[in-house]
Amino acid sequence: MGLNRYGPALSGPMSSGPAGGAAAAEKTVFDIKLEKFDAAAKIKIIKEVRSFTDLGLKEAKDLVEKVPAVLKKGLTKEEATAIAEKLKELGATVVLE
């Protein structure tokens with residue numbers, strides 16, 4: 001019918017002011033970013049990173065050493081919060097993005 005040439009359909013309130021901000025605040029997909037960590041806990045953090053990723057020892061070590069680094073992408077809020085809490089208990093500073 002040729003409707004695709006006009007782009008996706010947008011409703012008025014979703015594309016303006018406060019309603020658009022509220023929709024952005026309800027984030028459903030999170031990334032875990034390692035900001036820094038306690039040097040004494042480095043080995044424990046590497047082991048924890050390996051437990052929730054499918055990385056080998058060398059890859060996990062390289063990832064942890066190049067902080068700040070995104071450890072895992074596309075998680076639900078529950079999964080991301082659980083992993084972040086574990087890492088914080090070990091001495092890491094973690095941010096959910």
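Model, not experiment: these values are computed from the prediction.
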Asker: Rounded to the nearest 0.5 Å, what separation is found between the NZ atom of Lys58 and the CZ atom of Arg50?
Answerer: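 Lys58 NZ to Arg50 CZ: 13.0 Å, rounded to 0.5 Å.
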Asker: Side chain to side chain contact (heavy atoms under 4.5 Å, CB included), that's the test. Do Lys86 and Lys88 meet it? Break it down for me.
Answerer: CA-CA 5 Å; Lys86 288 180 188 177; Lys88 286 178 184 177; over 6 Å; no
Asker: Can you tell which of Leu55, Thr53, Ile46 makes a side chain to side chain contact (heavy atoms under 4.5 Å, CB included) with Leu63?
Answerer: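 Filter result, single survivor: Leu55.
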Asker: Report the residues that fulfil side-chain contact (heavy atoms from CB on, under 4.5 Å) with Leu90, sequence neighbours left out, ordered by chain and then residue number.
Answerer: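 Residues passing side-chain contact (heavy atoms from CB on, under 4.5 Å) with Leu90: Lys44, Ile45, Glu48.
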Asker: Taking side-chain contact (heavy atoms from CB on, under 4.5 Å) as the definition, give me every residue that meets it alongside Glu65, ordered by chain and number, with sequence neighbours left out.
Answerer: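 Counting only residues at least two positions away or on another chain, Glu65 forms a side-chain contact (heavy atoms from CB on, under 4.5 Å) with Lys42, Lys61, Asp62.
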Asker: Begin from the C-alpha positions of Ile83 and Leu75 and carry the test side chain to side chain contact (heavy atoms under 4.5 Å, CB included) through to its verdict.
Answerer: CA-CA 10 Å; Ile83 293 170; Leu75 297 171; 4.1 Å; yes
Asker: Between Glu79 (side chain) and Thr76 (backbone), is there a donor-acceptor pair under 3.5 Å?
Answerer: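 Side chain of Glu79 to backbone of Thr76: a pair is present.
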Asker: Hey, is the main chain of Phe52 close enough, under 3.5 Å, to the side chain of Lys72 for a donor-acceptor pair?
Answerer: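 Yes: the side chain of Lys72 pairs with the backbone of Phe52.
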Asker: Of all the heavy-atom pairs spanning Leu34 and Ala92, show the shortest one and how long it is.
Answerer: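 That closest heavy-atom pairing would be CD1-CB, 3.6 Å.
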Asker: Can you confirm whether more than 12 heavy atoms, excluding those of Leu96, are under 6.0 Å from its CG atom?
Answerer: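 Count over threshold, so yes.
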Asker: Would you indicate whether the side-chain heavy atoms of Lys33 and Pro68 approach each other to under 4.5 Å?
Answerer: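 Yes - at least one pair of side-chain heavy atoms lies under 4.5 Å apart.
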Asker: Should Val64 and Leu57 be counted in the same cluster of Ile, Leu, Val, Met, Phe, Trp and Tyr side chains packed under 4.5 Å apart?
Answerer: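 Shared cluster, yes.
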Asker: Could you check Leu87 against Thr93 for side chain to side chain contact (heavy atoms under 4.5 Å, CB included), going step by step and ending with a plain yes or no?
Answerer: CA-CA 8 Å; Leu87 290 171; Thr93 303; over 6 Å; no
